[in-house]
Amino acid sequence: MVKTPEEYFAEQSLDIMPVTNAPLTTAEQAFVQKYLGTDALQSLPQLEPDVLPGINTAATSEAKDVPSSLNLRTRLAAMDQLQMVSFYLRGQIFLLPVCVIVEVLRHMPVTRLPMAPRYMAGVINLRGKVTPLLHLDALLTAEQNLKYTAQSCIIICGTNDMQIGLIFDKLHTMYLVEQNRVSWNVEAYLGSGAEFLCGMADIDAHLYAIIDPELIVNKILED
């Protein structure tokens with residue numbers, strides 16, 4: 001039986017993410033300088049969000065002997081099986097590898113950024129981590145009417161550069177996908193529409209796109 005994400009998360013040994021006062025990474029510094037400024041950063045309220053039953057990322061599996069410095073696509077391609085969370089976005093189903101998920105949150109207040117691109121809903125101070133919240137539908141679909149409501153949920157994703165929050169509609173289910181069911185040549189399927197995707201998974205005769213948060217962070221830093 002396939003577990004729902006809520007059932008899966010509830011079974012994990014969840015550690016509440018600690019408040020951190022660690023120095024900003026180079027990417028975080030660039031983001032703050034571009035969109036916030038040091039003074040505005042200091043005034044951001046530190047949030048303790050309403051967390052959906054979450055995962056202890058230490059419990060997720062990475063391929064042995066694969067350096068974390070390699071990009072996500074390379075790390076995933078070295079695994080025998082991929083644990084994926086699926087979720088709805090504007091009626092479409094997308095996948096995220098469990099290994100990039102920090103936690104799943106309910107809607108929370110966000111500080112707007114007037115000079116930010118339209119796909120950026122704003123920024124939060126999540127337990128001491130500068131975390132931009134992104135309208136994922138603006139990046140992956142042709143949707144023009146962007147919404148962030150009390151019903152919205154957020155998947156917090158961790159990358160080597162910075163932490164981001166992806167706004168989505170609702171969770172779908174969990175999948176354990178064999179490596180031979182995944183194509184890493186996503187450009188062959190979608191062409192230029194593959195900008196933020198790292199692969200396509202064939203699940204029950206349906207093709208689902210795998211989102212790559214590292215590519216989204218690159219977009220944030222380039223804009």
Side-chain angles (χ1 to χ4, degrees), residues 4-10 12 14-22 24-25 27-29 31-32 34-57 85-90 94 96-141 143 145-159 161-172 174 196 211 213-214 216-217 219-221 223:
T4 68
E6 289 88 349
E7 289 171 337
Y8 170 81
F9 293 158
Q12 303 307 302
L14 173 64
D15 293 330
I16 298 299
M17 300 301 294
V19 174
T20 177
N21 294 312
L24 297 179
T25 66
E28 289 169 340
Q29 290 175 7
F31 176 84
V32 168
K34 187 168 187 176
Y35 293 116
L36 276 169
T38 304
D39 292 342
L41 174 63
Q42 300 302 323
S43 64
L44 274 181
Q46 187 164 286
L47 299 179
E48 281 294 334
D50 185 5
V51 183
L52 288 172
I55 59 172
N56 176 358
T57 54
V85 169
S86 60
F87 59 91
Y88 289 102
L89 185 67
R90 300 292 183 168
F94 292 90
L96 261 174
V98 167
C99 64
V100 302
I101 299 175
V102 177
E103 56 189 339
V104 183
L105 310 177
R106 303 183 195 278
H107 176 276
M108 67 182 65
V110 63
T111 298
R112 305 288 179 179
L113 302 172
M115 302 301 293
R118 67 187 296 271
Y119 64 78
M120 197 175 297
V123 66
I124 59 174
N125 178 350
L126 183 57
R127 306 188 191 91
K129 294 286 289 183
V130 176
T131 307
L133 298 190
L134 310 178
H135 289 291
L136 197 52
D137 48 359
L139 296 172
L140 298 177
T141 75
E143 181 61 50
N145 183 23
L146 305 180
K147 297 179 181 179
Y148 181 53
T149 70
Q151 286 70 48
S152 298
C153 296
I154 305 159
I155 297 180
I156 302 297
C157 297
T159 75
D161 292 316
M162 68 185 299
Q163 180 172 276
I164 59 174
L166 305 178
I167 298 168
F168 68 100
D169 297 333
K170 63 178 180 178
L171 291 168
H172 176 230
M174 295 285 304
F196 306 111
I211 297 171
E214 294 177 356
I216 297 176
V217 169
K219 170 73 171 177
I220 294 172
L221 299 178
D223 280 349

Undergrad: Report yes if some heavy atom in the side chain of Lys129 is under 4.5 Å from a heavy atom in the side chain of Ile156; otherwise report no.
TA: no

Undergrad: Could you pull out all residues at least two apart from Phe31 that satisfy ring pair (Phe, Tyr, Trp, His ring centres under 6.0 Å)?
TA: Tyr35

Undergrad: Do Leu136 and Ile216 have side chains that get closer than 4.5 Å, going by heavy atoms?
TA: yes

Undergrad: What residues, two or more places apart in sequence or in another chain, satisfy side-chain contact (heavy atoms from CB on, under 4.5 Å) together with Ser152?
TA: Tyr148, Thr149, Ile167

Undergrad: Could you state the interatomic distance from CG (Leu36) to CG (Asn125), rounded to the nearest 0.5 Å?
TA: 10.0 Å

Undergrad: How many angstroms lie between CG in Leu24 and CD in Gln29, if you round to the nearest 0.5 Å?
TA: 5.5 Å

Undergrad: Compare every heavy atom of Val85 with every heavy atom of Met174, then report the nearest pair and how far apart it is.
TA: SD-CG2, 3.3 Å

Undergrad: Does some side-chain heavy atom of Val100 sit less than 4.5 Å from a side-chain heavy atom of Thr159?
TA: no

Undergrad: Using salt bridge (Lys or Arg N to Asp or Glu O under 4.0 Å) as the criterion, list what pairs up with Lys219, not counting sequence neighbours.
TA: Asp223

Undergrad: For a quick test of reading the model, state the closest non-hydrogen atom pair linking Leu96 to Pro213 and the distance between them.
TA: CD2-CG, 3.9 Å

Undergrad: Begin from the C-alpha positions of Thr25 and Asp161 and carry the test side chain to side chain contact (heavy atoms under 4.5 Å, CB included) through to its verdict.
TA: CA-CA 7 Å; Thr25 66; Asp161 292 316; 5.5 Å; no

Undergrad: Could you tell me the separation between the CD1 atom of Ile154 and the CG atom of Leu134, rounded to the nearest 0.5 Å?
TA: 10.5 Å

Undergrad: Return a table of donor-acceptor pairs under 3.5 angstrom between the side chains of residues 110-117 and protein atoms on other chains or two or more places apart.
TA:
from   : atom 1 : to     : atom 2 : distance (Å)
Arg112 : NH1    : Ala121 : O      : 3.1

Undergrad: Roughly how far, to the nearest 0.5 Å, is CD1 of Ile211 from SG of Cys157?
TA: 8.0 Å

Undergrad: Check Gly158 against Val102 and note the closest heavy-atom contact, atom names and distance.
TA: N-CG2, 3.5 Å

Undergrad: Any side-chain heavy atom of Tyr88 sitting closer than 4.5 Å to one from Phe168?
TA: no

Undergrad: Checking Asp137 now: which residues fulfil side chain to side chain donor-acceptor pair (under 3.5 Å) with it, not counting sequence neighbours?
TA: Arg90

Undergrad: What's the shortest heavy-atom distance between Ile220 and Pro132, and which atoms?
TA: CD1-CG, 4.2 Å

Undergrad: Looking only at non-hydrogen atoms, find the nearest pair between Met162 and Glu28 and report the distance.
TA: CB-CG, 3.8 Å

Undergrad: How long is the straight-line distance from CG of Asp169 back to NZ of Lys147, given to the nearest 0.5 Å?
TA: 9.5 Å

Undergrad: Can you tell me how far CZ of Phe94 sits from CG of Leu89, rounded to the nearest 0.5 angstrom?
TA: 5.5 Å

Undergrad: To check you understand the geometry: which heavy-atom pair defines the closest contact between Glu103 and Leu126, and what is its length?
TA: OE2-CD2, 3.7 Å

